[in-house]
Amino acid sequence: MSKMNRLFLFIFLLSMVSTVNQAEGLPLVIDSTANAVIVISKNPSVAATYGARMLTEHIFQITGVKLKIYRDNELGNVSINNGIIKNDIIKNSYTYLLVGESSITNQLGFSTDNLGPGGILIKTTGNVVALIGPDNKTPTDPMGSKYAVTTFLQDFLGVMYLWPGELGKVVPKADSLLIPQINISYTPPVAQRRIRILEYNSRLQDGLNFLKFTKEEYQRIYQSESSTLSFDGGWSGWNRLGGDLGLVSGHAFGDLHAKYGIEHPEWFALQPDDTRIQHNSGRARLCKSNLELIDAIVQDKIEEIRKNPTVQSISLSPNDGGPDSFCMCDHCMALDPPEGRKIILWDHKSSPGTRMEIEYVSLTDRIVWFSNRIAEKVTVVYPNIRLVVDAYSAYTAPPLKNKLHPNIIIRFVGNSWWYDGEYNRQFSLDDWDGWSKKTNSIFWRPNLLLYAYREGTLGVYTKKLSQDFNYIAHNGLYATDFDGGLNNWGTQGLNYYILARLCWNPDLKVDEVIEEYCKAGFGNGWQYIKKYYARIEEISNHHMETNPFNPYYSVLYNDEVVQELSELLDIACAEAKKDANYDINIGKRIDFLQVGLKFTALQGKIYRLLENADNGEKSDQYEAIKLLNTRYDMMRDIFTNHHWAVNVAYVVWREGNIMRKLGWVGPINKIEDDEEVRLGL
């Protein structure tokens with residue numbers, strides 16, 4: 001039975017709860033009276049402990065009824081006949097919600113043996129609803145029972161978690177709860193499901209400083225806006241992100257120049273100017289053909305593993321980009337097949353503020369050769385260690401000549417949908433296919449969530465996301481680690497939500513999930529919210545396909561577009577209020593979206609001025625500074641009162657000094673005109 005059918009069945013049964021008998025469903029609450037208990041093991045897993053708490057607290061929030069939690073050994077003698085539980089303690093004909101494996105699930109013959117990491121079994125029989133997972137049997141993802149509870153609450157009780165905090169939680173109200181027959185057995189096909197949701201860091205602090213907020217204020221507001229009435233483990237955990245395959249990744253050689261640069265300058269990349277000087281020690285380029293360097297790295301990695309004997313993998317991923325170019329020595333260049341993909345390398349030192357472009361070929365075979373040499377020697381000492389290597393930047397293309405050492409896992413950082421030209425989606429998928437023919441262990445770590453990341457403005461691309469996720473999931477996907485969850489929930493939150501759901505089920509029907517999202521969060525106005533998101537997706541797609549190299553995304557939102565979108569939100573609000581059982585939180589959620597739209601509208605005005613400045617056109621400086629000071633006030637208000645709508649501190653940090661083009665250096669400017677005018681704060 002599909003999820004939508006299950007939901008319709010649940011709604012029908014709920015409406016009939018006062019007249020049905022137990023054969024038609026299992027009652028949990030009848031007319032605000034408890035008709036169920038929760039049972040966990042005498043020694044429950046962490047997942048079962050969390051799950052039981054989540055279940056009782058959310059049922060209380062729905063109905064006002066608190067179900068009791070028992071351990072199986074507290075029930076005395078338990079007998080089971082045709083799935084009907086009887087015991088010495090509970091005499092009523094209650095429904096038993098069994099969370100996690102226990103002696104009772106064993107007596108019922110419910111087994112998780114066929115479930116993989118993070119798997120769930122949701123099954124009804126007799127007077128039982130079982131919500132169990134393999135938990136501690138699958139240490140790479142031991143939270144199956146918790147996922148079973150989340151799935152049950154979401155799919156059968158209608159609890160949704162759209163974005164962090166209580167406003168993003170949708171918890172329906174009911175006096176009675178009746179559960180239909182269920183039989184779900186499912187293991188998530190992606191064993192590690194991760195989205196990097198941005199947390200506090202030094203970059204964020206730079207933005208906070210500019211907006212005149214302290215770290216303590218950030219932490220207080222963050223905690224307050226993240227809290228919910230019922231225990232749920234946070235947005236990520238609720239949406240079943242999880243699993244840990246022990247993949248250590250990231251740029252691996254940031255300390256090499258500081259460690260070896262003085263004694264061995266020849267270990268570092270020969271530059272186009274025939275020197276080996278590195279201008280950013282932490283991002284130094286290596287001479288990857290140097291065998292002495294390889295031996296030194298091997299010893300470093302062996303020592304790293306020795307000091308961390310439980311580690312399952314190490315990273316061999318090259319340092320991220322810096323001012324210096326890749327090595328151009330004869331030995332390194334000899335590793336690059338001349339028939340490789342044509343690329344452009346950059347050298348940022350040719351003159352201040354500029355970069356030199358060097359036509360060359362893909363460096364992938366060089367990277368694979370280098371990584372293989374290290375892997376061969378490290379695995380002699382540690383044969384089971386895995387080594388993670390990036391497919392990224394100048395080494396995204398699959399290798400032409402070199403095969404991968406069997407212990408190497410590829411971390412694929414391809415895919416950018418804001419470039420739907422030559423380097424388009426299909427181009428990236430072709431690269432994925434090329435790598436999947438070389439290895440069955442590809443770790444997907446794209447930057448797909450970084451759309452408009454400097455601006456924080458509106459952007460929706462759920463259709464492309466679902467299509468590509470589905471394809472990749474069925475063609476060698478091993479794990480995910482999406483970068484760029486920047487907490488712009490009022491402008492791009494639908495992308496985050498859809499991605500989390502795809503991580504759990506890559507085959508979901510995205511249109512159904514969007515409709516479910518809109519219905520859950522926005523009541524009778526849901527159709528207009530759906531149109532709102534569809535229009536934004538249309539705008540985003542048009543930009544990607546027709547003008548992908550325009551760096552300013554906010555210019556898409558001119559007065560006409562903003563008016564159109566604002567009217568959709570206004571109609572949605574009006575329609576929602578027509579409901580006799582109107583929930584005030586629906587209006588607040590629409591207001592939340594309005595905050596994102598208003599911020600985008602203001603960004604549009606400002607970025608059009610920037611675009612004009614880039615084209616050599618002069619702007620009205622007074623008007624520009626007025627807009628920027630208005631934006632500063634708006635950012636402070638969003639941070640304090642609409643924290644999840646736009647991550648304004650990150651926007652401020654990421655845009656850097658770009659607003660100096662418009663003559664703005666801070667929140668207060670004085671402009672001489674007929675009189676001195678103080679703008680902003």
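We number each residue from 1, following the sequence as shown. Please read all numbers here as calculations on a predicted model, not as lab measurements.
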Give a yes or no on this: more than 12 heavy atoms of other residues, nucleotides or ligands lie within 6.0 Å of atom [atom1] of [X].
{"X": "Lys577", "atom1": "NZ", "result": "no"}
{"X": "Lys530", "atom1": "NZ", "result": "yes"}
{"X": "Tyr50", "atom1": "OH", "result": "no"}

*For the residue pair His543 and Tyr451, does the interplanar ring angle fall in the parallel (under 30°), tilted (30 to 60°) or perpendicular (over 60°) class?*
perpendicular
*asked:* Go through it in stages, so that I can follow the logic: the residues are Arg501 and Glu516, the test is salt bridge (Lys or Arg N to Asp or Glu O under 4.0 Å), and I'd like the CA-CA distance, side-chain angles, deciding distance and then a yes or no.
replied: CA-CA 12 Å; Arg501 297 290 299 274; Glu516 176 187 278; 2.9 Å; yes
*Among all residues two or more places apart in sequence or in another chain, which pass the ring pair (Phe, Tyr, Trp, His ring centres under 6.0 Å) test with Tyr200?*
Tyr218
*Got a sec, which residues hit ring pair (Phe, Tyr, Trp, His ring centres under 6.0 Å) with Tyr497, two or more places apart in sequence or on another chain?*
Tyr517
*Sequence-distant partners of Arg240, salt bridge (charged side-chain N to carboxylate O under 4.0 Å, His left out), two or more places apart*: none
*Please name all residues satisfying salt bridge (charged side-chain N to carboxylate O under 4.0 Å, His left out) with Glu564, sequence neighbours left out, ordered by chain then number.*
Arg535
*So Lys578 and Glu575, salt bridge (Lys or Arg N to Asp or Glu O under 4.0 Å) or not? Walk me through it.*
CA-CA 5 Å; Lys578 292 178 182 179; Glu575 289 296 316; 2.9 Å; yes
_Sidechain N-carboxylate O distance under 4.0 Å for Asp583, Lys173_ = no
Donor + acceptor pair across side chains of [X], [Y] (<3.5 Å):
{"X": "Gln192", "Y": "Thr480", "answer": "no"}
{"X": "Tyr582", "Y": "Asn524", "answer": "no"}
{"X": "Asp559", "Y": "Gln563", "answer": "no"}
{"X": "Asn487", "Y": "Trp489", "answer": "yes"}

Would you tabulate the side-chain donor-acceptor contacts of residues 592-603 under 3.5 Å, counting partners in other chains and residues two or more places apart, or write 'none'?
{"unit_1": "Gln594", "atom_1": "NE2", "unit_2": "Asp570", "atom_2": "OD1", "d": "3.2"}
{"unit_1": "Thr600", "atom_1": "OG1", "unit_2": "Leu458", "atom_2": "N", "d": "3.2"}
{"unit_1": "Thr600", "atom_1": "OG1", "unit_2": "Gly596", "atom_2": "O", "d": "2.9"}
{"unit_1": "Gln603", "atom_1": "OE1", "unit_2": "Arg631", "atom_2": "NH1", "d": "2.8"}
{"unit_1": "Gln603", "atom_1": "NE2", "unit_2": "Glu455", "atom_2": "O", "d": "2.9"}

_Distance to the ring centre below 6.0 angstrom and angle to the axis at most 45 degrees; does that hold for Arg194 and Phe482?_
no
*Kindly indicate, with the supporting measurements, whether the criterion ring-ring contact (aromatic ring centres under 6.0 Å, His included) is fulfilled by Trp504 and Tyr186.*
CA-CA 10 Å; Trp504 177 254; Tyr186 179 77; 5.4 Å; yes
*Keeping to residues at least two apart or across chains, list the salt bridge (Lys or Arg N to Asp or Glu O under 4.0 Å) pairs with something in residues 219-239.*
Lys169-Asp232
_When you compare the side chain of Val651 with that of Met635, does any pair of heavy atoms fall below 4.5 Å?_
yes
